[in-house]
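Before any comments, here is the structure.
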Amino acid sequence: MAKINLSEISALIKEQIKSYKEDIQTENVGHVVQVGDGIALVHGLNKAMSSELLIFPNDVYGMVQNLEEDCVGVILLGESSKVKEGDLVKCSGRILEVPVGEEFIGRVVNPLGKPIDGLGAIDIKNYRPIEVKATGVMDRKAVNEPLETGIKVLDALVPIGKGQRELIIGDRQTGKTSIAVDTILNQKGKDVICIYVAIGQKESTVSNVYETLKENDAMSYSIIVSASASNPAPLLYLAPYSGVSMAEYFMYQGKNVLIVYDDLSKHAVAYREMSLLLHRPPGREAYPGDVFYLHSRLLERAAKLNEKLGGGSITALPIIETQAGDISAYIPTNVISITDGQIFLQSDYFYKGIRPAINPGLSVSRVGGAAQTKAVKKVSGTLRLDLASYRELESFTQFGSDLDASTKARLDRGKRTQEVLKQDLHKTLAMEEEAIILYSLVHGFLDDIEVEKLKSFEESLYQDIKTDDLGKQIISEIKETKALPKDLANLDKYLKEFKKRFM
């Protein structure tokens with residue numbers, strides 16, 4: 001039997017004690033006190049941060065929303081049925097982030113960046129926090145570059161500039177989403193990335209938008225972030241913040257982005273639902289007191305960066321649904337005061353067949369002519385007045401029969417203005433086409449054409465000007481200089497000759 005050398009064993013133990021390194025890890029852990037309706041109250045997370053990502057059992061995640069004295073209010077980003085009272089919850093030490101990058105272009109994802117289009121996984125390389133401080137005033141530049149919508153009445157009367165926040169507001173079924181989708185379609189070939197955020201929409205509606213963009217080859221520069229009506233309130237709350245985080249990734253690379261929030265009324269309702277479940281005190285119309293801050297911190301992230309930061313931009317088109325045209329309600333007035341103008345769609349016009357159903361009196365762009373090309377700016381000067389005076393005269397003269405020549409001329413011009421500004425769905429126009437038809441209108445070339453024939457005149461004009469030698473020269477000059485031709489006699493000559501051919 002071998003002898004045990006006690007001195008060797010002693011030396012070995014001492015060596016191990018010397019080389020021992022303390023490797024203690026601490027975790028901030030709590031347990032679920034209450035759960036339901038996408039909300040959990042967790043006790044024991046005394047080091048949790050606001051907006052921190054929390055880890056629940058069964059691969060469910062949550063985000064810290066309320067920091068209270070004895071517990072933490074958490075919104076669940078998964079199925080609340082998988083979480084039960086007593087479950088252990090861990091802090092991740094990270095603020096909630098969303099995946100971003102070029103890989104998302106052409107895809108439909110949920111607010112957590114997970115694909116829901118059945119086209120396979122996305123190779124994620126970059127993340128951005130969903131909540132960041134908006135770009136400061138000194139890092140911004142004045143909005144001075146037009147974002148062309150391809151919609152005549154908008155580009156002429158309510159121009160939108162890159163970096164602007166322009167509200168689209170109106171009752172349901174008045175064409176709000178159609179205007180946003182047409183604006184996305186018109187960005188084809190203009191090096192603008194488009195993000196459509198669907199908040200609380202029916203899945204069939206989102207599917208229709210996707211199919212429209214796909215048919216027109218617009219998904220090649222677009223991303224759809226969808227939190228449909230069937231999703232829990234926390235995902236509806238996150239959706240616009242996820243969308244703008246994706247947009248910021250491109251903006252800081254010097255690119256131009258257009259983001260549509262469809263719609264922020266449902267976003268406010270989802271936030272109200274969440275807040276009431278978290279026992280936040282309700283204020284006006286049961287909305288919590290910080291509902292203004294909810295949308296202001298979102299829309300403030302739209303900006304036009306200065307050259308030092310790359311000159312990128314985010315243009316935001318938030319949509320708000322009104323009830324019976326009441327733009328003085330709580331949420332509409334909140335968002336109107338945050339944005340740089342609004343496009344107001346009126347039900348009466350829509351049912352009369354005036355589409356887009358834009359009310360020129362209540363629609364305004366606070367950026368104005370700074371966001372217009374010289375050509376469109378030149379020809380749209382009197383349009384708003386012509387339209388406003390026509391609608392006023394129309395209501396006064398509908399019961400009268402004897403009209404003086406001046407009033408009759410203004411009515412006739414107004415009718416033609418209204419007819420020319422009508423536009424079919426998904427039929428956007430190039431800036432040079434808009435400039436020429438509006439020039440024809442303003443300078444009286446359409447005064448002797450019957451109102452019923454104006455649509456066919458317009459369609460024929462767009463075809464003819466691309467084949468006629470003088471027409472091609474005019475179109476080319478407007479496209480290149482962004483202004484009307486220096487020699488307007490040529491444009492007048494072409495329009496007179498075309499009218500002869502048409503008539």
Side-chain angles (χ1 to χ4, degrees), residues 146-161 164 166-171 173-187 258 260 315 317 319 325 327 339-392 394 413-443 446 451 454-455 457-459 461-462:
L147 183 119
E148 292 159 9
T149 65
I151 301 168
K152 287 172 286 187
V153 65
L154 282 189
D155 292 336
L157 302 183
V158 198
I160 299 168
Q164 191 175 345
E166 184 77 10
L167 173 64
I168 302 172
I169 186 167
D171 286 5
Q173 301 296 319
T174 50
K176 300 186 296 298
T177 301
S178 299
I179 282 180
V181 170
D182 281 357
T183 305
I184 292 173
L185 296 180
N186 199 54
Q187 302 317 306
L258 168 68
V260 176
T315 309
L317 295 181
I319 295 175
I327 58 170
T339 50
D340 308 313
Q342 68 273 348
I343 298 159
F344 181 60
L345 301 174
Q346 196 154 321
S347 309
D348 300 355
Y349 295 171
F350 187 83
Y351 299 135
K352 281 181 189 172
I354 303 167
R355 296 173 191 175
I358 292 165
N359 180 324
L362 292 174
S363 300
V364 63
S365 169
R366 295 188 187 107
V367 173
Q372 272 180 313
T373 54
K374 288 178 185 174
V376 175
K377 190 176 181 180
K378 185 86 174 169
V379 295
S380 61
T382 61
L383 280 182
R384 191 185 291 272
L385 284 173
D386 287 349
L387 213 50
S389 63
Y390 162 67
R391 289 193 175 146
E392 195 177 323
E394 188 186 31
R413 172 61 64 85
K415 276 180 195 169
R416 283 162 176 75
T417 302
Q418 185 169 274
E419 190 63 29
V420 166
L421 291 178
K422 288 181 186 176
Q423 200 162 332
D424 290 339
L425 193 62
H426 309 326
K427 296 283 172 66
T428 56
L429 297 174
M431 177 274 296
E432 52 274 18
E433 293 173 331
E434 290 179 344
I436 284 168
I437 191 65
L438 294 175
Y439 179 88
S440 310
L441 172 70
V442 172
H443 288 83
L446 309 182
V451 175
L454 280 173
K455 191 176 180 182
F457 175 88
E458 191 179 344
E459 287 170 356
L461 175 65
Y462 298 147

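Excluded from the calculations below are hydrogen atoms, water molecules and symmetry mates; all remaining heavy atoms, backbone and side chain alike, are included.
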- Task: Take E434 and V379, measure what side chain to side chain contact (heavy atoms under 4.5 Å, CB included) needs, and give me the verdict at the end.
- Result: CA-CA 9 Å; E434 290 179 344; V379 295; over 6 Å; no

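- Across every non-hydrogen atom of V420 and E458, the tightest pair is O-OE1, 4.1 Å.
- Distance check: N186 CG to M431 CE gives 11.0 Å after rounding to the nearest 0.5 Å.
- A distance-only check finds no donor-acceptor pair linking the side chain of K152 to the backbone of Q423 [under 3.5 Å].
- Counting only distance, with no hydrogens or angles, the side chain of Q342 and the backbone of I168 share no donor-acceptor pair below 3.5 Å.
- R413 places no side-chain N or O within donor-acceptor distance of the main-chain N or O of Y390, the cut-off being under 3.5 Å.
- Under the 4.5 Å side-chain criterion, counting only non-hydrogen atoms from C-beta, L441 is not in contact with D386.
- Expressed to the nearest 0.5 Å, how far CG of L421 lies from CG of L438 amounts to 6.5 Å.
- A side-chain hydrogen bond (donor to acceptor under 3.5 Å, both in side chains) with E419 is found for exactly one of R416, K422, K415, namely K422.
- A side-chain N or O of T149 and one of D155 form a donor-acceptor pair less than 3.5 Å apart.
- Here the side chains of L167 and I343 are not in contact, with every heavy-atom distance at 4.5 Å or above.
- Residue Q418 holds its CD atom at 3.5 Å from CD1 of I354, rounded to the nearest 0.5 Å.
- Between K427 and E459, none of the side-chain N atoms (NZ, or NE/NH1/NH2) sits under 4.0 Å from a carboxylate O, so this pair counts as no salt bridge.
- Between D171 and F350, every side-chain heavy-atom pair lies at or beyond the 4.5 Å cut-off.
- Side chains of P356 and I151 form a contact here, defined as non-hydrogen atoms less than 4.5 Å apart.
- The closest side-chain heavy-atom distance from T373 to E148 is below 4.5 Å.
- At least one side-chain heavy atom of Q187 sits less than 4.5 Å from a side-chain heavy atom of T183.
- With hydrogens and angles ignored, the 3.5 Å screen pairs no side-chain donor or acceptor of T417 with any backbone N or O of L387.
- When each of I160, I184, I179 is paired with L317, the side-chain contact (heavy atoms from CB on, under 4.5 Å) condition holds for I160 and for no other.
- In terms of modelled atom types and a separation under 3.5 Å, the side chain of T339 and the main chain of E166 share no donor-acceptor contact.
- When all heavy atoms of A371 and P146 are compared, the pair lying nearest together is O-CB, 3.1 Å.
- Side chain of Q372 to backbone of A156: a donor-acceptor contact under 3.5 angstrom is found.
- Of the possible polar contacts, one joining the N359 side chain to the L362 backbone as a donor-acceptor pair under 3.5 Å is found.
- Contact annotation: the side chain of Q346 never approaches that of T174 to less than 4.5 Å [non-hydrogen atoms, C-beta and beyond].
- At a threshold of 4.5 Å between non-hydrogen side-chain atoms, the residues I358 and L157 do not count as touching.
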